[in-house]
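None of these values were measured; they are calculated from a predicted model.
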Amino acid sequence: MKLPRTTLILILLALGLGGFVYFYEIRGATVREETKEQKQKIFSFGEDDVQSLTVKTKKITLNLERSPESSKPKWLIKSPISGPANDAIVSYLMDLLVKGNSERTLSTPAKQLGEFALDPPQATINITLKNRQSHQLILGKSNFNGRFLYAQADPAAKSDANTNVLLVSTDFANAVNRELSEWKQPVDNSQKLPPLTIPKPTPTNAK
């Protein structure tokens, strides 16, 4: 039996729509999700991969290095002073670097980086891994609603071409904008208190 031309066209359209839904919605969803995850991740290294950090802000340039000893503290301050670092403070920053995501990526002309406070930057974090690979995160100002910071991860050498500007958590600003005293290991005052002594009674002369 010969199908009417209109019916045949509708069948072909249905088949075509079904194929589109399958390839775009089902198979394409997996590819898009993988791409999305790949773009959101700032860095791909793990915490144990990091050997040293340099945090540079407008107030301070701090060099941190992983302690060669297995015992605490895990991190040492190498400059501008030498001594044990506050592991909790360093771990907070490290957690952001390892797990941090970029909410969005903006393709921006290099000459406009100053508008995001990225040239010169508000802060710079240089990361050196145990395998001697290096990474860099440059932090700028907050975006228009204050929810995110403008940033650059491993920026390429300066050129006239467009560069990627990321939107990252404002927690990065909280992590790096600290006084030197906060980076130092807290002093356990309980170990420095002198032993408690009870004064002896003063003898009195009997009358």
Side-chain angles (χ1 to χ4, degrees), residues 34-70 72-108 113 116-143 146-158 163-186:
E34 291 175 353
T35 303
K36 180 181 178 182
E37 288 296 328
Q38 187 178 7
K39 288 182 178 179
Q40 285 184 342
K41 197 77 172 176
I42 300 176
F43 297 113
S44 60
F45 55 77
E47 181 177 350
D48 292 337
D49 298 327
V50 180
Q51 177 61 32
S52 63
L53 293 169
T54 298
V55 179
K56 184 177 181 180
T57 66
K58 293 183 177 180
K59 290 184 177 181
I60 190 175
T61 297
L62 183 81
N63 292 305
L64 298 161
E65 191 170 301
R66 186 180 293 276
S67 173
E69 306 293 335
S70 58
K72 291 187 176 181
K74 188 186 297 184
W75 291 92
L76 302 174
I77 301 175
K78 306 303 290 184
S79 67
I81 61 171
S82 295
N86 188 325
D87 279 343
I89 296 296
V90 181
S91 294
Y92 177 58
L93 172 59
M94 188 66 64
D95 193 62
L96 291 171
L97 292 171
V98 171
K99 301 178 182 178
N101 292 326
S102 169
E103 295 297 321
R104 201 179 352 149
T105 302
L106 311 173
S107 181
T108 306
L113 289 177
F116 302 96
L118 289 167
D119 188 17
Q122 299 293 306
T124 304
I125 306 169
N126 291 305
I127 307 115
T128 302
L129 306 184
K130 292 178 180 178
N131 62 6
R132 299 192 181 278
Q133 289 184 1
S134 61
H135 296 276
Q136 186 181 63
L137 184 65
I138 297 175
L139 301 176
K141 67 179 183 180
S142 301
N143 69 332
R147 292 182 58 198
F148 302 105
L149 290 180
Y150 294 114
Q152 282 188 291
D154 292 336
K158 290 186 177 181
T163 185
N164 287 334
V165 174
L166 313 179
L167 287 176
V168 302
S169 171
T170 54
D171 289 341
F172 277 102
N174 300 328
V176 300
N177 291 320
R178 299 181 181 276
E179 300 293 335
L180 178 59
S181 58
E182 295 181 79
W183 291 102
K184 294 164 58 178
Q185 184 185 48

Exercise. Measure the acute angle between the ring planes of Phe116 and Tyr150, then classify it against the limits of 30° and 60° as parallel, tilted or perpendicular.
Key: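 Because their plane-to-plane angle is over 60°, the rings of Phe116 and Tyr150 count as perpendicular.
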Check whether [X] reaches the backbone of [Y] with its side chain - one donor and one acceptor, N or O, closer than 3.5 Å.
| X | Y | result |
| --- | --- | --- |
| Asn86 | Ala88 | yes |
| Asn143 | Arg147 | yes |
| Ser102 | Arg104 | yes |

Exercise. Might you work through the side-chain contact (heavy atoms from CB on, under 4.5 Å) test for Lys130 and Arg66, ending with a clear yes or no?
Key: CA-CA 10 Å; Lys130 292 178 180 178; Arg66 186 180 293 276; 3.9 Å; yes
Distance (rounded to the nearest 0.5 Å) between [X] [atom1] and [Y] [atom2]:
| X | Y | atom1 | atom2 | value |
| --- | --- | --- | --- | --- |
| His135 | Asn126 | NE2 | CG | 11.5 Å |
| Leu166 | Phe148 | CG | CZ | 12.0 Å |
| Ser82 | Ile77 | OG | CD1 | 9.0 Å |
| Ser134 | Ile127 | OG | CD1 | 9.0 Å |
| Leu180 | Thr61 | CG | OG1 | 11.5 Å |
| Gln152 | Ile42 | CD | CD1 | 12.5 Å |

Exercise answer: donor-acceptor pairs, residues 48-55 side-chain atoms, under 3.5 Å, sequence neighbours excluded:
| residue | atom | partner | partner atom | Å |
| --- | --- | --- | --- | --- |
| Asp49 | OD2 | Gly46 | N | 2.8 |
| Thr54 | OG1 | Asn63 | OD1 | 2.8 |

Quiz item: Looking at Ile60, Leu96, Ile125, which one forms a side chain to side chain contact (heavy atoms under 4.5 Å, CB included) with Val176?
Solution: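 When Ile60, Leu96, Ile125 are each tested with Val176, the side chain to side chain contact (heavy atoms under 4.5 Å, CB included) holds only for Ile125.
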How close do [X] and [Y] get, heavy atom to heavy atom, and via which atoms?
| X | Y | value |
| --- | --- | --- |
| Lys74 | Glu47 | NZ-OE2, 3.8 Å |
| Ala151 | Leu118 | CA-CD2, 3.9 Å |
| Leu64 | Trp183 | CD1-CZ3, 4.1 Å |
| Asp87 | Pro73 | OD2-CA, 3.2 Å |
| Ser107 | Asn164 | CA-OD1, 4.3 Å |
| Thr170 | Gly146 | CG2-O, 3.6 Å |

Quiz item: Checking side-chain contact (heavy atoms from CB on, under 4.5 Å) for the pair Lys184/Ile81: CA distance, chi angles, key distance, verdict?
Solution: CA-CA 9 Å; Lys184 294 164 58 178; Ile81 61 171; 3.6 Å; yes
Quiz item: Can you list the steps and then say if Ile89 with Trp75 is a side-chain contact (heavy atoms from CB on, under 4.5 Å)?
Solution: CA-CA 10 Å; Ile89 296 296; Trp75 291 92; over 6 Å; no
Exercise. Take Lys41 and Asn101, measure what side-chain contact (heavy atoms from CB on, under 4.5 Å) needs, and give me the verdict at the end.
Key: CA-CA 5 Å; Lys41 197 77 172 176; Asn101 292 326; 3.9 Å; yes
